Amino acid sequence: DAMVIQNPRYQVTQFGKPVTLSCSQTLNHNVMYWYQQKSSQAPKLLFHYYDKDFNNEADTPDNFQSRRPNTSFCFLDIRSPGLGDAAMYLCATSRVQTGLVALLSGANVLTFGAGSRLTVL
Amino acid sequence: AQSVTQLDSQVPVFEEAPVELRCNYSSSVSVYLFWYVQYPNQGLQLLLKYLSGSTLVKGINGFEAEFNKSQTSFHLRKPSVHISDTAEYFCAVSVANNNDMRFGAGTRLTVKP
């Protein structure tokens with residue numbers, strides 16, 4: 001089945017030790033997103049790739065970086081995790097089109113992975 | 001930018017009772033509206049979406065929602081809930097030609113026996 005897969009599902013790291021979370025998709029979607037979700041809060045968009053174009057949210061800390069080496073894969077790098085970075089990290093994809101095609105095709109619908117829960121000790 | 005407000009952070013309800021989870025949005029342009037469900041330690045799963053056309057949309061698991069443009073609302077309803085419906089529900093909004101989807105703070109639905 002076509003899907004969005006995140007690895008690892010659970011990651012434990014030490015304060016300041018770099019972490020990489022991965023996301024892969026078989027949907028051939030052109031947009032990939034990374035969201036941070038803290039306990040009992042809404043998912044917060046960190047950044048997204050529209051094809052190869054990187055779009056960073058204004059309030060995303062520099063500690064968070066992302067790479068998209070190809071259509072299928074996207075990585076979230078946390079360079080120096082702090083205690084406040086403990087959260088669920090959600091990857092999502094969508095096929096974004098414009099105009100009438102978007103209305104007819106159901107564009108802008110996000111498909112989520114199961115998430116990666118990060119614990120910082 | 002578009003935004004969405006979920007008016008209830010928690011909704012407890014007994015099994016087989018009806019439920020309504022409220023959502024209001026704000027946008028200066030036409031919107032697309034969504035409801036997602038999240039079970040513990042899982043990602044978000046699409047329940048239903050409004051893109052255009054009929055204002056009453058039906059989704060999975062017996063849920064439905066009605067788009068009300070004059071009241072800028074998109075409330076989620078189910079006539080009879082099950083224990084398995086216990087989860088976090090998120091309302092979300094996006095606009096045409098924009099890759100940005102904004103989520104509400106979520107409503108925790110707890111179904112009690």
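Every chain is numbered from 1 and lettered A, B, ... according to where its sequence line falls, protein lines coming before strand lines. Quick note: numbers below take in every heavy atom, side chains included, and nothing from hydrogens, waters or symmetry partners. Quantities reported herein were computed from a predicted structural model and do not represent experimental measurements.
- Scanning all heavy atoms of the two residues, the minimum distance from B:Ala105 to A:Ala42 falls at CA-CB, 3.8 Å.
- Looking at B:Met101 and A:Tyr35, their side chains come closer than 4.5 Å, going by heavy atoms from C-beta outward.
- By the rule that hydrophobic residues join a cluster once side-chain heavy atoms approach within less than 4.5 Å of another member, B:Val111 and B:Phe14 end up as members of separate clusters.
- Using a 4.5 Å cut-off between heavy atoms, B:Leu44 contacts chain A through both its backbone and its side chain.
- Between chain A and the residues B:Gly106, B:Gly53, B:Gly43, B:Ser9, the largest count of heavy-atom pairs under 4.5 Å involves B:Gly43.
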Task: Chi angles and distances behind the side-chain contact (heavy atoms from CB on, under 4.5 Å) call for A:Tyr10, B:Asn41 - done: CA-CA 10 Å; A:Tyr10 300 91; B:Asn41 289 315; 3.8 Å; yes
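- When the side chains of ILVMFWY residues are joined at heavy-atom separations under 4.5 Å, either directly or via intervening members, B:Leu76 and B:Val11 end up in a single hydrophobic cluster.
- There is no path of hydrophobic side-chain contacts, each under 4.5 Å, that joins A:Leu90 to A:Leu76.
- B:Arg102 touches chain A through its side chain: at least one heavy atom from C-beta onward sits under 4.5 Å away, while N, CA, C and O do not.
- Judged as a ring pair (Phe, Tyr, Trp, His ring centres under 6.0 Å), and not counting sequence neighbours, the contacts of A:Phe54 are A:Phe47, A:Tyr49.
- Neither the backbone nor the side chain of B:Gln45 comes within contact range of chain A, judged by heavy atoms closer than 4.5 Å.
- Contact annotation for A:Gln6: neither backbone nor side-chain heavy atoms come within less than 4.5 Å of a heavy atom of chain B.
- Residues B:Gln42 and A:Arg9 form a side-chain contact, since some pair of their non-hydrogen atoms from C-beta on lies under 4.5 Å apart.
- For A:Asn70, the CG atom sits in a packed shell: over 12 heavy atoms of surrounding residues, nucleotides or ligands are nearer than 6.0 Å.
- Hydrophobic clustering (side-chain heavy atoms under 4.5 Å, transitive across Ile, Leu, Val, Met, Phe, Trp, Tyr) groups B:Leu51 together with B:Tyr36.
- Between atom CD of residue A:Gln41 and atom CZ of residue B:Phe103 there is a gap of 14.0 Å, rounded to the nearest 0.5 Å.
- Counting only heavy atoms from C-beta outward, the side chains of A:Leu110 and B:Phe34 never approach each other to under 4.5 Å.
- The cluster map of Ile, Leu, Val, Met, Phe, Trp and Tyr, joined by side-chain heavy atoms under 4.5 Å apart, puts A:Phe112 and A:Leu118 in different clusters.
- The most heavy-atom pairs under 4.5 Å with chain B, out of A:Ala92, A:Cys91, A:Pro43, A:Ser40, come from A:Pro43.
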